[in-house]
Amino acid sequence: EVQLLESGGGLVQPGGSLRLSCAASGFTFSSYAMSWVRQAPGKGLEWVSGISTSGGHTYYADSVKGRFIISRDNSRSTLSLQMNSLRAEDTAVYYCAKRGGYGDYTIDYWGQGTLVTVSS
Amino acid sequence: QSALTQPRSVSGSPGQSVTISCTGTGSDFGGYNYVFWCQQHPGKAPKLMIYEVSKRPSGVPDRFSGSKSGNTASLTISGLQAEDEADYYCCSYAGSYTWVFGGGTKLTVL
């Protein structure tokens, strides 16, 4: 059974930094591209960032480019998101998401999410 | 990337069918048939219901179906059940390994 467990969320001041982690299990982590997707309170889903199987290719939404860094450790089956220069509009539940179980362009599993609140 | 457009809400009675639309620009859909739909119950993680426009993952009831015509994709749920009440999101591959979501549609089963 695919399991994605996010951690690292919390309250941070504007301009601050936070690092999210996602522990993956139940599948061969190194064989699948991964993504982060977020959901602001009461709002819809927003794709944030993606990373290739090897970690050699990374992709970002315009809203976070230059501030967030996605990475992975295949030896530990862990996905990370380093978030810098945080803004109030980054407040959201952040979901770790797996891609590729049903075609290369489909996000097929999400974790339960971790809440990030950016506020003074 | 601009969000895909979905109706904010739809409703139907048990046993009826409802259709949720998802409209994007040509660049959003990118000329690809890589549209998927997910279901989200309150406070829960999204769940994949349809992928590549019209394919169903294993375990998803065949009451759920998808289609696409031009720049509009659609999710149809037939034989509505109370448990179908949830938010539904469309999502499309937008090229360059980026994705764009719709704003979400709240389905109410009357």
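For clarity, every value in this text was computed on a predicted model and none was experimentally measured.
Residue B/Lys55 does not touch chain A at all, counting heavy-atom pairs closer than 4.5 Å. Contact of A/Ile107 with chain B is made through backbone and side chain together, with heavy-atom distances under 4.5 Å. Only the backbone of A/Glu46 comes within contact range of chain B, with heavy atoms under 4.5 Å apart. Contact annotation for B/Gln40: only side-chain heavy atoms (C-beta onward) come within less than 4.5 Å of a heavy atom of chain A. Proximity to chain A (any heavy atom under 4.5 Å) is shown, for B/Ser58, by both the backbone and the side chain. Residue contact with chain B, scored on non-hydrogen atoms closer than 4.5 Å, is absent for A/Val48.
Hydrophobic clustering (side-chain heavy atoms under 4.5 Å, transitive across Ile, Leu, Val, Met, Phe, Trp, Tyr) groups A/Leu115 together with A/Val37. Linking Ile, Leu, Val, Met, Phe, Trp and Tyr residues whenever their side-chain heavy atoms come within less than 4.5 Å places A/Tyr94 and A/Val2 in a single cluster.
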Stepwise side-chain contact (heavy atoms from CB on, under 4.5 Å) check, A/Thr106 with B/Leu48: CA-CA 9 Å; A/Thr106 298; B/Leu48 179 66; 3.7 Å; yes
Derivation of the side-chain contact (heavy atoms from CB on, under 4.5 Å) call for A/Asp108 and B/Tyr51: CA-CA 9 Å; A/Asp108 56 352; B/Tyr51 69 102; over 6 Å; no
B/Cys91/A/Tyr105 under side-chain contact (heavy atoms from CB on, under 4.5 Å): CA gap, chis, key distance, verdict: CA-CA 10 Å; B/Cys91 181; A/Tyr105 302 97; over 6 Å; no
Report the C-alpha separation of B/Phe101 and A/Gln39 in whole Å, then their side-chain angles, then the decisive distance to 0.1 Å, and conclude whether the side-chain contact (heavy atoms from CB on, under 4.5 Å) test is met. CA-CA 11 Å; B/Phe101 283 89; A/Gln39 185 170 34; over 6 Å; no
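Every residue meeting the side chain to side chain donor-acceptor pair (under 3.5 Å) condition with B/Tyr88, not counting sequence neighbours, appears here in chain and number order: B/Gln39.
Side-chain atoms of A/Tyr102 and B/Arg56, non-hydrogen and from C-beta on, never get closer than 4.5 Å to each other. Contact of the B/Pro46 side chain with the A/Leu45 side chain is registered, since non-hydrogen atoms from C-beta on lie closer than 4.5 Å.
For the set B/Ser96, B/Pro57, B/Gly104, the count of heavy-atom pairs under 4.5 angstrom toward chain A peaks at B/Pro57. Ranked by heavy-atom pairs shorter than 4.5 Å toward chain B, the options A/Ala97, A/Gly44, A/Ala33 are led by A/Gly44.
Nearest heavy-atom pair, A/Trp110 versus B/Cys38, reported as atom, atom and distance to 0.1 Å: CH2-CB, 3.9 Å. Taking each heavy atom of A/Gln112 and B/Ala45 in turn, the nearest pair found is NE2-CB, 3.8 Å.
Summarising the local packing, CZ of B/Arg63 is surrounded by more than 12 heavy atoms from other residues, nucleotides or ligands at distances under 6.0 Å. Open room surrounds NE2 on A/His57; 12 or fewer heavy atoms of other groups in view lie less than 6.0 Å from it.
Judged purely by distance below 3.5 Å, without hydrogens or angles, the side chains of A/Ser35 and B/Tyr97 never pair a donor atom with an acceptor atom.
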